[in-house]
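Below: the structure, in structure tokens.
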Amino acid sequence: MDFKTEFVPMTVQPQEIESMSFDIITEELGEHNFAEEQYPVVQRVIHASADFDLGRSLVFHRDAVRAGIEAIRAGKTIYADVQMVQVGISKPRLAKYGGDVKVYISDPDVAAEAKAANLTRAIMATRKAVREQPDGIFVIGNAPTALLELIRLIKTGEAKPSLIIGMPVGFVSAAESKEELAKLIDGDVPFITNIGRKGGSPVSVAAVNALSLMAER
């Protein structure tokens, strides 16, 4: 049986849909205080979430965009906290510069260490990533404990990420972990985060993909 809806979409062309979406975002967001180089990240975060409040809550370290673009062009490995982040990131754009995305949270050694230490796998996965590449790009969209552990490792001098995208979502320690990251605003570790409980894999991925597009251009 052929079912038809009464609604007719404005367009079914993919590029037109994205372009129209960005025009709507620009119009509805209105005046803002984001720098010109930060706005493409804000725009894609809102596009991924349809959440203007989340977009407005973004916090950028002064060097975040520049450092992120340089790190991608340098082929730095991206370490994601969960597979959902890994899957969403555009690999072909990273591959042009020799970059890749890794996630360790499901590795058997990480699970065993976490069980032995009675700590989260996210913490142990972060430690493994830092041992492998202390100056990698770290993208955290789900696990506040991963972000808090990364901040701890920065303070002990064991990690100096090229960029942190830290936007974990949730009710337990998510907002607080981002508050701790925002306290590094005057330091030399670039980051992008947001205020509050909102966040997640889609918006973290959107931020990475915005930067990789900028790097490509």
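What you are looking at is a predicted structure, and each value in this text was computed from that prediction instead of being measured.
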- Query: Can you list the steps and then say if Ile154 with Ile164 is a side-chain contact (heavy atoms from CB on, under 4.5 Å)?
  - Reply: CA-CA 11 Å; Ile154 290 168; Ile164 303 170; 3.6 Å; yes
- Looking only at non-hydrogen atoms, find the nearest pair between Ala64 and Phe191 and report the distance. CB-O, 3.3 Å
- Looking only at non-hydrogen atoms, find the nearest pair between Leu147 and Gly166 and report the distance. CD2-CA, 4.3 Å
- Do Val41 and Ile24 share a hydrophobic cluster (ILVMFWY, side-chain heavy atoms under 4.5 Å, transitive)? no
- Query: Should Leu54 and Ile46 count as side-chain neighbours, where that means a heavy-atom distance under 4.5 Å?
  - Reply: no
- Query: Quick one: do Phe52 and Phe22 end up in the same hydrophobic cluster if we chain Ile, Leu, Val, Met, Phe, Trp and Tyr together by side-chain heavy atoms under 4.5 Å apart?
  - Reply: yes
- Exercise: identify the closest heavy-atom pair between Ile140 and Ala143: CG2-O, 3.3 Å
- Find the distance between CD1 (Ile137) and CD1 (Ile78) and round it off to the nearest 0.5 Å. 4.5 Å
- Query: Within the side chain of Gln86, is there an N or O that forms a donor-acceptor pair under 3.5 Å with the backbone of Val101?
  - Reply: yes
- Message: Under 4.0 Å between a side-chain nitrogen and a carboxylate oxygen: does that hold for Arg73 and Glu70?
- Response: no
- Query: Can you tell me if Lys178 uses its side chain to pair, donor with acceptor, with the backbone of Lys198 under 3.5 Å?
  - Reply: yes
- Under 4.5 Å between side-chain heavy atoms, hopping through other hydrophobics if needed: is there a path connecting Ile25 to Leu58? yes
- Please round to the nearest 0.5 Å and tell me the distance separating atom CZ of Arg217 and atom CD1 of Ile69. 10.5 Å
- Task: Working to the nearest 0.5 Å, report the span between CG of Leu153 and OG1 of Thr156.
- Result: 5.0 Å
- Query: Between the side chain of Arg62 and the main-chain N/O of Ile185, is any donor-acceptor distance below 3.5 Å?
  - Reply: yes
- Task: Could you tell me which non-hydrogen atom of Ala80 sits nearest to which non-hydrogen atom of Val103, and how far apart they are?
- Result: O-CG2, 3.3 Å
- Whether Tyr97 side chain and Ala215 backbone form a donor-acceptor pair below 3.5 Å: yes
- Chi angles and distances behind the salt bridge (charged side-chain N to carboxylate O under 4.0 Å, His left out) call for Glu149, Arg127: CA-CA 8 Å; Glu149 178 64 9; Arg127 292 179 183 178; 2.8 Å; yes
- Message: Side chains of Leu211 and Ile165, heavy atoms from C-beta outward: is any pair under 4.5 Å?
- Response: yes
- Is any side-chain heavy atom of Arg56 closer than 4.5 Å to a side-chain heavy atom of Leu29? yes
- Query: Can a donor-acceptor pair be found between the side chains of Ser90 and Ser212 at a distance below 3.5 Å?
  - Reply: no
- State the CD-CD1 distance between Gln38 and Ile192, to the nearest 0.5 angstrom. 8.0 Å
- Rounded distance [0.5 Å steps], OG in Ser21 versus CD in Gln43: 9.5 Å
- Message: So that I can tick it off, tell me whether Lys128 and Glu113 are bridged by a salt bridge, with the cut-off set at under 4.0 angstrom between side-chain N and carboxylate O.
- Response: no
- Which pair of heavy atoms, one from Leu150 and one from Pro161, lies closest together, and at what distance? CD1-CG, 4.0 Å
- State plainly whether one hydrophobic cluster holds both Met214 and Val139, where clusters connect Ile, Leu, Val, Met, Phe, Trp and Tyr through side-chain heavy atoms under 4.5 angstrom apart. yes
- Task: Check the pair Met124 / Asp107 against side-chain contact (heavy atoms from CB on, under 4.5 Å), numbers first and verdict last.
- Result: CA-CA 10 Å; Met124 293 306 184; Asp107 286 8; over 6 Å; no
- Are Val42 and Phe60 side-chain neighbours, meaning at least one heavy-atom pair lies under 4.5 Å? yes
- Item | Minimal non-hydrogen separation, Gln133 against Tyr79, with atom names | CB-OH, 3.3 Å
- Keeping the roles fixed (side chain from Asn194, backbone from Met167), state whether a donor-acceptor pair exists under 3.5 Å. no
- Message: A side-chain contact here means heavy atoms from C-beta on lying under 4.5 Å apart; do Ile105 and Gln83 qualify?
- Response: yes
- Task: Measure the shortest side-chain to side-chain distance between Phe138 and Asp81 over non-hydrogen atoms and say whether it is less than 4.5 angstrom.
- Result: no
- Query: To the nearest 0.5 Å, how far apart are OG in Ser201 and CD1 in Ile89?
  - Reply: 9.5 Å
- Message: Looking at Lys91, I'd like to know if its NZ atom is crowded, meaning that more than 12 non-hydrogen atoms belonging to other residues, nucleotides or ligands lie closer than 6.0 Å.
- Response: yes
- Linking I/L/V/M/F/W/Y whenever their side-chain heavy atoms sit closer than 4.5 Å, directly or via other members, would Val208 and Phe34 fall into one cluster? yes
- Query: Hey, is the main chain of Gly187 close enough, under 3.5 Å, to the side chain of His61 for a donor-acceptor pair?
  - Reply: yes
- So do Leu213 and Arg44 actually touch side chain to side chain, heavy atoms under 4.5 Å? yes
- Item | Close side-chain approach of Val85 to Val82, heavy-atom, < 4.5 Å | yes
- Would you say Thr77's side chain and Asp100's backbone share a donor-acceptor pair under 3.5 angstrom? no
